[in-house]
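Keep in mind that the numbers below use all heavy atoms, side chains included, and drop hydrogens, waters and symmetry copies. One is the number of the first residue; the rest follow in order along the sequence.
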Amino acid sequence: MLKLTHDNFLKARDYIFIHSDDINRAWFIYNFEDKNTDKFMKVLSKYQYENGGFGGLFYEFDYQGPCLKSTEIAIKYIFALKEKPSAYHPVIQNMMKYILERYHPEIGNWGDVAEPEVNDGVYCCWTRYRGDAITPIENEDERIKLYDANEKVCFAAFVAYYSELVPDELYLDIVKYPIQHILRYWDINSPIYNKNIFDDGTPYNFEYFQWFVPCLKDKKIANKLTSILCQNPTAFMELDYTKSDNDYVHLPCDAINSPDNIIYSTVKKLVDDSLEYRIKQQSDDGRWPLGWSFGEDDGLCKLQVLYEAYLTLGMLVKLERFGRIEK
C-alpha cells in the first residue's frame with residue numbers, strides 16, 4: 001500500500017503554515033497534534049458573526065462577511081470533529097438561528113449560498129451571487145422533485161444532527177424534501193426513478209447527500225437511503241484518473257472522505273487506487289495543485305494560493321484517516 005512519506009508530509013505541513021490562515025493552521029493542529037475540540041472551536045468562533053453566520057472560510061471569493069457558503073464550510077469542520085460540540089454550545093446555537101432564518105419553506109430549501117456583496121469583490125465566476133428571488137412552489141410533490149442538494153442539503157444535515165434545537169414541525173419539513181427526493185427519484189426500484197440523474201453524472205448532489213444521511217436520527221430510513229446511494233455511485237466518479245492532472249474532476253477518493261463513509265465499502269478498491277494516484281500528484285513544494293487555474297488576475301491568484309493550501313490540508317487529513325501517511 002503506497003503511503004505519503006514522512007518527508008513529503010513535512011513539506012505539505014510547511015506549505016500549509018506558510019500559505020494558509022488561522023483556521024487551517026488550527027485544523028492541522030487539531031488533526032495531527034492535539035485533537036482538542038475546545039481549542040479548535042475557539043478559533044472557528046472567530047469567523048462567526050453576530051448573526052450566527054460565518055465568513056472568511058471559503059476561498060473562491062474574497063468576501064469576508066457572513067454567508068451560507070462559509071457557514072457550509074464551518075459545518076464541514078464540525079462534522080469532521082471526533083468529539084462534536086454540544087447542541088448548547090453558543091457557536092452551534094447561533095449557527096442554527098442563522099440557518100433556520102434563511103430556510104424557505106415555500107420551496108423546501110435554502111436560496112443562494114452567496115451574498116450580493118460577493119460580486120463587488122474578487123470571485124471565481126462559478127461562485128458568484130446569482131440572485132435570491134425565491135419563486136414559491138405550491139405543490140409539495142413538485143418541491144420534492146425539484147429539490148437541489150448541491151451546497152444546501154448540508155444545512156438540512158446540521159438541522160438533523162442538532163434536531164433538539166429545532167421545533168418538531170419545522171424539523172420534519174426540512175428533512176422531508178431530501179429524504180423523499182432520494183426515495184422517489186434515486187431508487188432504481190421506484191416507479192418514478194429518474195435515470196437522467198445518473199446519466200448526467202454531476203457529482204455534487206451525490207456527495208452532499210453523504211453529509212445528510214448519517215445525521216438522521218431515524219436509522220431505519222438512513223439505512224434505506226444509504227442502500228439507494230450505493231446502487232450506482234460510480235456514475236458520479238471520474239474513473240480515468242489521468243484527467244485529474246489538468247482538469248476539474250472528482251475521483252472516487254474525492255467523493256469518499258474516510259473509511260467510515262457510508263459509501264466506502266461499495267467502492268473500496270476504486271477509492272484506494274485513486275488515493276494512490278492522488279499521493280503521486282503532490283508537487284515538490286509540498287502542495288497538491290489544482291491542475292488548472294482560477295484565472296490570471298492577481299486577486300484570483302491570491303485566492304488560488306489559499307485554496308491550494310486548504311486542498312493540501314484536506315488531502316493530509318484524508319490520507320491520515322485512511323492510514324496512508326508514514327509515521
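Checked against the 6.0 Å centroid threshold, Phe198 and Trp186 count as a close aromatic pair. For an aromatic pair to be called close, the ring centres must be under 6.0 Å apart, and Tyr103 with Phe155 fails this. When ring centroids are compared, Phe54 and Tyr47 stay outside the 6.0 Å threshold. No close placement of the Phe61 and Tyr123 rings is indicated, their centers lying 6.0 Å or farther apart.
Looking only at atom types and distance, the side chain of Tyr264 has a donor-acceptor partner in the side chain of Asp272 under 3.5 Å away. If you check the side chains of Asp245 and Gln281, you find a donor sitting under 3.5 Å from an acceptor. Using a 3.5 Å distance cut-off with no hydrogens or angles, the side chains of Thr242 and Asp240 do pair a donor with an acceptor. Checked by atom type, the side-chain pair Asn196/Tyr185 shows no donor-acceptor distance below 3.5 Å. Between the side chains of Asp148 and Tyr177, no donor N or O sits under 3.5 Å from an acceptor N or O.
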message = Go through it in stages, so that I can follow the logic: the residues are Val175 and Phe212, the test is side-chain contact (heavy atoms from CB on, under 4.5 Å), and I'd like the CA-CA distance, side-chain angles, deciding distance and then a yes or no.
response = CA-CA 9 Å; Val175 301; Phe212 172 69; 4.1 Å; yes
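By the 6.0 Å and 45° rule, Arg102 stacks over the aromatic ring of Tyr98.
Ion pairing between a basic and an acidic side chain is recognised when a charged N comes within 4.0 Å of a carboxylate O; Lys176 and Glu140 show such pairing.
In this structure, Tyr161 and Phe79 have tilted ring planes: the angle between them lies in the 30° to 60° band. Aromatic ring pairs are classed by plane angle as parallel below 30°, tilted from 30° to 60° and perpendicular above 60°; the pair Tyr241 and Tyr277 is tilted. Between Trp292 and Phe294, the angle of the ring planes lies from 30° to 60°, which puts this pair in the tilted group.
Between the side chain of Arg184 and the backbone N or O of Ile179, no donor-acceptor pair lies under 3.5 Å.
Side-chain atoms of Tyr208 and Glu72, non-hydrogen and from C-beta on, do get closer than 4.5 Å to each other. Annotation: side chain of Val159 is not in contact with side chain of Leu170 (no heavy-atom distance under 4.5 Å). Taking 4.5 Å as the limit, some side-chain heavy atom of His250 sits within range of a side-chain heavy atom of Tyr204.
Around atom NZ of Lys145, no more than 12 heavy atoms belonging to other residues, nucleotides or ligands sit under 6.0 Å away.
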